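Worksheet: the structure to be examined is printed underneath.
Order of listing sets the numbers, starting from 1, for every ligand and every atom in it. Keep in mind that this is a model prediction, so the values were computed, not measured.
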Amino acid sequence: MESIRILGTGSYLPSNVLTNFDLQNMGLDTTDEWIVQRTGVSERRIADPDMATSDLGYHASRNALEMAGMTAKDIDLIIVATITPDTCCPSAANWLQAKLEAPQAVTFDVTAACSGFIFGLNVAEQYLKNKTFQTVLVVAAEVMSRTLDWKDRRTCILWGDGAGAAVLTLGNEGHEILSTHVHTDGANGEDLLMPGGGSKTTPISHESVDKGLHHLNMIEANLSFRIAVRRFMESIKEAAEFNNIDVEDINWFIPHQANIRMFQNISKSLKIPFERFYLTLQKYGNISSASCAITLDEAVRDGSIKPKDLICLPVFGGGLTWGSALIRW
Ligand code: UT7
């Protein structure tokens, strides 16, 4: 029976590495020990100044297309999940379309913060099921480093830059997406936000810049942590129940890479062996929408994921947004 299939995955990380020690040397009031203990992050990647989100997305897309044995000319729809588009208008997906030289593809962005890749997969799934499009490129790309206040130790230690991508189709060949689930809670989205730049605070002014409104801000980090753990667990259970399987049947958990302690908690609460969480946050930090797309690609390329493995991608992000994908590789 035809179902939604992944034909290829790809990722791209900028080569510039920023370690916790570098942050200390920049005069930030922090230590490597604190960051590693409280988050699990040791280093992150930072995009070169001349690279925008669509440039990172371009390299990830090329890698995904190569794995799929396709060219950009085979793509009908390009969806980019991002909260750091090159420009508000045109979309990052439009810039990417031009760089990939895929004028036949329809393009748009999806904004769902750290859950963006799964929201992108979910949208792609609808178009493929009703046969509006045949081949969809879902890209998640972020240049988070440009949104950070490098003097704010609560936030700037967490995030990094990068991109991941997947080529999807409806068919019998490839890796089967068994389900996607997405959720939002707009009433509680004030905790993790970038207040400036939108219609609420434009035009951008000296005042809005001086007040730091254009930086990513976290009001109640502890509260976010607790909500994230709850939503991750709900999402894992929802995926298992929907597919009539037990959580213990899932071979790999590739979550949004927010904080290692979240997955230690979830491992205990849901009795999931911690080794089943595939994490890249140690070396890349939190790359918002791109985190789980990049991590999926790494787990595929290093051979950790074997044919027929069941993979769950639970996500949580600002907005609030959360959800999951379950894939039979
Ligand atoms: O991607 C979306 C999902 N991600 C999230 O929602 C983020 C969730 N939150 C978290 O991951 C954690 O709450 C953080 C990693 C952000 C913070 O860790 P925490 O253990 O919750 O720290 P805290 O905010 O409770 O701060 C504890 C102390 C404070 O000092 P006092 O007030 O106790 O003296 C902070 O000022 O640690 C201090 N602190 C730091 N110290 C050294 C905060 N950041 C740092 C730092 N280095 N970088």
Response to the item:
Residue pairs meeting ring pair (Phe, Tyr, Trp, His ring centres under 6.0 Å), one or both in residues 22-61, sequence neighbours left out, come to Tyr12-His59

Mutual orientation of the aromatic rings belonging to [X] and [Y] [parallel < 30°, tilted 30-60°, perpendicular > 60°]:
X      : Y      : value
Phe242 : His181 : perpendicular
Tyr127 : Phe133 : perpendicular
Tyr278 : Trp252 : perpendicular

Just which atoms of ligand 1 are under 4.0 Å from any heavy atom in [X]?
X      : result
Cys114 : 1 (O), 2 (C)
Ile157 : 48 (N)
Thr39  : 15 (C)
Met218 : 7 (C), 16 (C)
Met262 : 8 (C)

Discussion item. For the 3.5 Å polar cut-off, considering only N or O atoms, please tell me whether Asn286 and ligand 1 meet it.
Written reply: yes

Discussion item. Any nitrogen or oxygen of Asn222 lying under 3.5 Å from a nitrogen or oxygen in ligand 1? Just yes or no.
Written reply: yes

Among all protein heavy atoms in this structure, tell me which lies nearest to [atom], with the distance rounded to 0.1 Å.
atom                    : answer
atom 6 (O) of ligand 1  : Ser224 CB, 3.1 Å
atom 12 (C) of ligand 1 : Asn259 ND2, 3.9 Å
atom 4 (N) of ligand 1  : Ala258 CB, 3.9 Å
atom 18 (O) of ligand 1 : Arg261 NH2, 3.7 Å
atom 9 (N) of ligand 1  : Ala221 O, 3.1 Å
atom 47 (N) of ligand 1 : Thr30 OG1, 2.6 Å
atom 17 (C) of ligand 1 : Trp34 CH2, 4.0 Å

Looking at [Y] and [X], is any side-chain nitrogen of the basic one under 4.0 Å from a carboxylate oxygen of the acidic one?
X      : Y      : answer
Arg45  : Asp161 : no
Asp149 : Lys151 : no
Glu33  : Arg38  : no
Glu234 : Arg230 : yes

Practice prompt. Give the contacting part of Leu192 toward ligand 1: side chain, backbone, both or neither, where contact means a heavy-atom distance below 4.0 Å.
Written response: side chain

Practice prompt. Specify whether the nearest protein heavy atom to atom 29 (C) of ligand 1 is under 4.0 angstrom away.
Written response: no

Worksheet item: Any non-hydrogen protein atom below 4.0 Å of atom 32 (O) of ligand 1?
Response: no

Worksheet item: If you measure only the distance, is there a donor-acceptor pair under 3.5 Å linking the side chains of Glu125 and Thr180?
Response: yes

Worksheet entry | No-hydrogen, no-angle side-chain donor-acceptor test under 3.5 Å, Asp185 and Asn188 | yes

Item to complete: Look at atom 35 (C) of ligand 1 and find which of Arg153, Arg38, Arg154, Met144 reaches it with the closest heavy atom.
Response: Arg153

Atom pairs and distances, side-chain donor-acceptor, residues 87-98, under 3.5 Å, sequence neighbours left out:
unit_1: Thr87; atom_1: OG1; unit_2: Pro90; atom_2: O; d: 2.7
unit_1: Thr87; atom_1: OG1; unit_2: Trp95; atom_2: NE1; d: 2.8
unit_1: Ser91; atom_1: OG; unit_2: Ala93; atom_2: N; d: 3.4
unit_1: Ser91; atom_1: OG; unit_2: Asn94; atom_2: N; d: 3.1
unit_1: Ser91; atom_1: OG; unit_2: Asn94; atom_2: OD1; d: 2.8
unit_1: Asn94; atom_1: OD1; unit_2: Thr107; atom_2: OG1; d: 2.6
unit_1: Gln97; atom_1: NE2; unit_2: Ala102; atom_2: O; d: 3.3
unit_1: Gln97; atom_1: NE2; unit_2: Pro103; atom_2: O; d: 3.4
unit_1: Gln97; atom_1: NE2; unit_2: Ala105; atom_2: O; d: 2.9

